[in-house]
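Presented below is the structure to which this report refers.
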Protein chains: 2
Amino acid sequence: MTVRTYGQFCGVARALELVGERWSMLIIRDLLLGPKRFTDLRTGLPRIPASILSSRLNDMESSGVLRRRVLPQLDAAVVYELTEYGAELDQILLQLGLWGARSLGVPGQQDVFTLDSAILSLYTTFRAEAARNAHVSFELRYGPMVVHALVDGGALKVAEGSYPAADLVICSQASLVPLLTGEVSADQALRSGLVAIEGDPAHLELFTSLFHIPSAPKPSVGLAVH
Amino acid sequence: MTVRTYGQFCGVARALELVGERWSMLIIRDLLLGPKRFTDLRTGLPRIPASILSSRLNDMESSGVLRRRVLPQLDAAVVYELTEYGAELDQILLQLGLWGARSLGVPGQQDVFTLDSAILSLYTTFRAEAARNAHVSFELRYGPMVVHALVDGGALKVAEGSYPAADLVICSQASLVPLLTGEVSADQALRSGLVAIEGDPAHLELFTSLFHIPSAPKPSVGLAVH
DNA sequence: CTGGATCCCTCACGATACTG
DNA sequence: CAGTATCGTGAGGGATCCAG
């Protein structure tokens, strides 16, 4: 189980040796939302072979990114959870998700849309600075999957399940990406049937201002200016 | 050349399909510092097979992360440079480098320390908020490799080569990591011979406050709280 | 000399089956 | 349920060769 290295004395190379193998980042993505069992991870990552999941978990446990924990229950349930070190990847994962979301096309026939990525997508696209004075709650229904998002003045909490007190219920028939990029306005989304809502249409306008996929670059650090 | 996918409709998965293959991130790391020729990239990544470099460049060109450009010269020199989209990975790469630097041990016998990673390491460890009122210049000598860093009130510019007007010259005999993490103080580093300087020792103290590898976590977004 | 392409070998990945 | 074992395939690694 000797990890392949890059032969470089470099923080980036080291990071990639820890979490750069195929599937590792997606495992971490799912664990960011809480400890999970082996089977939970398989469910969230339908295409990962069990043997690969097993070896990734072992590798990342050895390197201190996550840990195995035996729950104090009769059935001795085992969960995997991020260590503090591993959990510090959260911002990086969110930014990477936002960067990648910009080139998400339409979902392919084979693509799965999991609960965890639905929840994560709300965190990645959340614009805290636009939510300073916002206090609003949404329930989102992606087919059978239901999550809710509570916006409370710059803070966001997303979780699974319904939220009967929600200010707005959004039922999406397809990908919300065009709405989040601004390619489609709230109005257009409603009229075209991209989404259906229960509640005040003005709240959908608010939703698009709180959750957004920027098409223009954020100001760069200025390394690659030419 | 059909790219392996993860079969997920998710920004993180999409990002990994674009830049998650082995070596891709390190290619981008080097290109963050400016356009480079095929041979320059090979020099900075000694262990990458030419065939892999070639296919990564082609893949990332197809996906819009970088572009080939033919310089208007007689020899028709070709350079590779990041697109605007690719360049937006800069913050992510810097943060990933900082995260990985925390588990950098001592450089292995086989490890190379390239000019680009030396320059990048200064960007990754730079603390702009600690440099608000700082105006100072450093020359760093890692064996035969020489770079200089200009700190100008929260802004940093690092480049290759000597800088005769530098306020402080730092000659490192070994890895600077212990100094940057605070494991070794500026005083101890001098007395132990970890570094030798030309200039005011007080500037070395300043250096350690400007460039730092935090051992404690930065505040997390609060996803993985349990 | 740069910018690759081609060959071959090895090992990680991926699918399936199996066990405590 | 929670993984490990087996095994074929294809990507990575290294050397060599070729075109502009």
Side-chain angles (χ1 to χ4, degrees), chain A residues 1-8 13 16-27 30-31 35-63 66-81 110 112, chain B residues 1-8 13 16-27 30-31 35-62 66-81 110-112:
Chain A
M1 193 186 295
T2 158
V3 184
R4 276 195 307 188
T5 71
Y6 286 99
Q8 299 230 343
L16 294 173
E17 288 164 6
L18 295 177
V19 301
E21 308 263 329
R22 188 163 162 77
W23 293 108
S24 293
M25 286 279 203
L26 292 182
I27 294 170
D30 282 8
L31 291 181
K36 287 204 161 49
R37 310 187 56 147
F38 192 89
T39 307
D40 298 333
L41 288 168
R42 289 191 71 172
T43 305
L45 270 22
R47 308 248 300 236
I48 192 174
S51 57
I52 299 293
L53 177 56
S54 181
S55 73
R56 292 289 177 277
L57 290 172
N58 286 323
D59 290 348
M60 291 197 285
E61 185 186 5
S62 306
S63 55
L66 56 83
R67 77 172 69 90
R68 268 174 75 104
R69 189 157 55 101
V70 179
L71 294 183
Q73 294 176 195
L74 294 179
D75 61 350
V78 173
V79 294
Y80 298 89
E81 62 184 1
Q110 312 240 44
V112 299
Chain B
M1 191 186 295
T2 160
V3 185
R4 276 197 303 188
T5 71
Y6 286 99
Q8 300 230 344
L16 294 173
E17 289 164 5
L18 294 178
V19 300
E21 307 264 328
R22 189 164 162 77
W23 292 108
S24 293
M25 286 280 202
L26 292 183
I27 295 170
D30 282 9
L31 290 182
K36 286 202 164 48
R37 311 186 54 149
F38 191 89
T39 306
D40 298 333
L41 289 168
R42 291 192 68 172
T43 305
L45 271 23
R47 308 248 302 236
I48 192 175
S51 56
I52 300 293
L53 176 56
S54 182
S55 74
R56 292 291 177 276
L57 289 173
N58 285 322
D59 290 348
M60 291 197 284
E61 185 186 5
S62 305
L66 55 82
R67 75 171 71 89
R68 263 173 77 106
R69 188 155 57 101
V70 180
L71 294 183
Q73 292 176 198
L74 293 180
D75 61 351
V78 174
V79 294
Y80 297 89
E81 62 184 2
Q110 311 239 48
D111 288 354
V112 298

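In the text below, chain A, chain B and the rest are named by the order of the sequence lines, each starting its count at 1.
Close to dG3(C), at under 4.0 Å from its OP1 or OP2, lies a side-chain N or O of Arg37(B). Dashed line: the shortest gap from a side-chain N or O of Arg22(B) to OP1 or OP2 of dC11(C) is not under 4.0 Å. Look at Tyr80(A) and you'll find a side-chain N or O under 4.0 angstrom from OP1 or OP2 of dG3(D).
One N or O on the side chain of Arg56(A) and one on the backbone of Arg22(A) form a donor-acceptor pair closer than 3.5 Å. Remark: side-chain polar atoms of Asn58(A) are paired, donor with acceptor, to backbone N or O of Ser54(A) under 3.5 angstrom. Judged purely by atom type and a 3.5 angstrom limit, Gln8(B) uses its side chain to pair as donor or acceptor with the backbone of Gly44(A).
Using a 4.5 Å cut-off on side-chain heavy atoms (C-beta onward), Arg37(B) and Val78(B) make no contact.
Considering only side-chain atoms of Thr39(B), the nucleotide from dG13(D), dC13(C), dT2(C) that sits closest is dT2(C). Checking dG3(C), dG12(D), dG3(D) against the side-chain heavy atoms of Val78(B) singles out dG3(C) as nearest.
In this structure, Leu41(A) atom CG and dC1(D) atom P are separated by 15 Å, rounded to whole Å. Distance, Ile52(A) CD1 to dA5(D) C1': 13 Å, rounded to whole Å. Rounded to whole Å, the distance from CD on Glu17(B) to P on dA11(D) is 15 Å. Summarising the geometry, the separation between CG on Leu26(B) and C1' on dG12(D) is reported as 15 Å, rounded to the nearest angstrom. In this structure, Gln110(A) places its CD atom 15 Å from P of dG14(C), rounding to the nearest Å. Rounded to a whole Å, the CG atom of Asp40(A) is 11 Å from the C1' atom of dC1(D).
By the salt bridge (charged side-chain N to carboxylate O under 4.0 Å, His left out) test, Arg67(A) is found to be paired with Glu81(A), residues two or more places apart in sequence or in another chain being considered. In this structure Arg47(A) satisfies the salt bridge (charged side-chain N to carboxylate O under 4.0 Å, His left out) test with no other residue, sequence neighbours excluded.
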Polar-atom pairs under 3.5 Å, protein N or O versus N or O of nucleotides 15-17 of chain C: list them with distances, or write none.
{"from": "dA15(C)", "atom 1": "N6", "to": "Ser51(A)", "atom 2": "OG", "distance (Å)": "3.4"}

(message) Show, in sequence, the C-alpha distance, side-chain angles and deciding distance for Ile27(A) and Tyr80(A), and conclude whether the side chain to side chain contact (heavy atoms under 4.5 Å, CB included) test is met.
(response) CA-CA 10 Å; Ile27(A) 294 170; Tyr80(A) 298 89; over 6 Å; no
